A.B. asks: 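Below you'll find the structure I mean.
Proteins come first, then strands; the chains are lettered A, B, ... in the order of their sequence lines, and each starts at number 1. As the structure is a computational prediction, the values presented were derived from the model and not from experiment. Just so you know, these numbers use all the heavy atoms, side chains as well, and skip hydrogens, waters and symmetry mates.
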Amino acid sequence: MMSIIHSRMLAAIRQIPRGKVSTYGAVGRAAGYPRAARQVAVALRKAVEVPWHRVLGAGGEIKTSGHTALDQRLLLQMEGVGFRGRRVDMAKFEFKFAKKRKD
DNA sequence: AGGGTGACGATCA
DNA sequence: ATGATCGCCACCC
């Protein structure tokens with residue numbers, strides 16, 4: 001069963017273009033669940049066919065561990081995403097979700 | 001129903 | 001910068 005919340009999380013994640021990244025918190029907000037950053041991770045873990053490697057922790061830090069973390073970093077660098085130490089250079093590579101506004 | 005959990009996030013020492 | 005703590009929230013026994 002795929003809960004609606006996961007569907008929305010994944011929909012948001014699929015919007016992240018190649019060569020760009022986002023964070024669990026930002027994805028949660030984009031999906032309409034501003035406090036559900038952890039659920040973004042849960043959704044990613046279970047989902048298939050989504051650019052999971054483009055989702056990082058706050059500050060552009062890779063929050064995965066072990067072999068998964070190495071894969072993630074490699075995949076990102078393959079897409080041209082640049083790192084600065086252990087973190088992605090968010091100033092240049094963070095994808096900004098279109099946010100709703102009232103105008 | 002109740003309690004533990006986690007690919008999080010912000011804060012503080 | 002690093003580690004501890006606490007707040008969050010849906011999921012899984």
A.B. asks: Expressed as a whole number of angstroms, how long is the span from Glu61(A):CD to dG9(B):P?
C.D. replies: 9 Å
A.B. asks: Applying salt bridge (charged side-chain N to carboxylate O under 4.0 Å, His left out), can you list everything that pairs with Asp71(A), at least two apart in sequence or on another chain?
C.D. replies: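 Per chain and number, Asp71(A) pairs via salt bridge (charged side-chain N to carboxylate O under 4.0 Å, His left out) with no residue.
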A.B. asks: Should the pair Arg54(A) and Phe95(A) be classed as cation-pi, given the thresholds of under 6.0 Å to the six-membered ring centre and 45° from the axis?
C.D. replies: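 Relative to the ring axis of Phe95(A), which defines the angle, Arg54(A) lies outside at least one limit.
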A.B. asks: With Val88(A), which of Leu76(A), Thr23(A), Ile62(A) fulfils side chain to side chain contact (heavy atoms under 4.5 Å, CB included)?
C.D. replies: Leu76(A)
A.B. asks: Base, sugar-phosphate, or nothing for Arg35(A), non-hydrogen atoms under 4.0 angstrom?
C.D. replies: sugar-phosphate
A.B. asks: Kindly write out the residues that satisfy side-chain hydrogen bond (donor to acceptor under 3.5 Å, both in side chains) with Gln77(A), not counting sequence neighbours, or none if the list is empty.
C.D. replies: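 Scan of Gln77(A) (side-chain hydrogen bond (donor to acceptor under 3.5 Å, both in side chains), adjacent residues dropped) gives none.
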A.B. asks: What integer distance in Å separates Arg29(A):CZ from dC8(B):C1'?
C.D. replies: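 About 12 Å, once rounded to whole Å.
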A.B. asks: Going through the distances and angles, do Gln39(A) and His6(A) end up as a side chain to side chain donor-acceptor pair (under 3.5 Å)?
C.D. replies: CA-CA 8 Å; Gln39(A) 277 47 245; His6(A) 280 188; over 6 Å; no
A.B. asks: Rounded to the nearest angstrom, tell me the gap between atom NE2 in His6(A) and atom P in dA7(B).
C.D. replies: 13 Å
A.B. asks: Find the distance Arg38(A):CZ to dG9(B):C1' and express it as a whole number of Å.
C.D. replies: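 These atoms are roughly 9 Å apart.
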A.B. asks: Considering heavy-atom distances to DNA chain C, does Gln39(A) or Lys46(A) have its closest nucleotide positioned more toward the 5' end?
C.D. replies: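 This one resolves to Gln39(A).
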A.B. asks: From CZ of Arg45(A) over to C1' of dA7(B), roughly how many Å is that when rounded to an integer?
C.D. replies: 7 Å
A.B. asks: Identify the 5'-most and 3'-most nucleotides of DNA chain C with at least one atom closer than 4.0 Å to a non-hydrogen atom of chain A.
C.D. replies: dG7(C) to dC12(C)
A.B. asks: Heavy-atom nearest nucleotide on DNA chain C for Ala36(A) versus Arg86(A): which residue maps closer to 5'?
C.D. replies: Arg86(A)
A.B. asks: So which atom in Ala47(A) and which in Val50(A) form the shortest heavy-atom distance, rounded to 0.1 Å?
C.D. replies: CB-CG2, 4.1 Å
A.B. asks: Return the value, rounded to whole Å, for the distance between atom CG of Leu76(A) and atom C1' of dA7(B).
C.D. replies: 13 Å
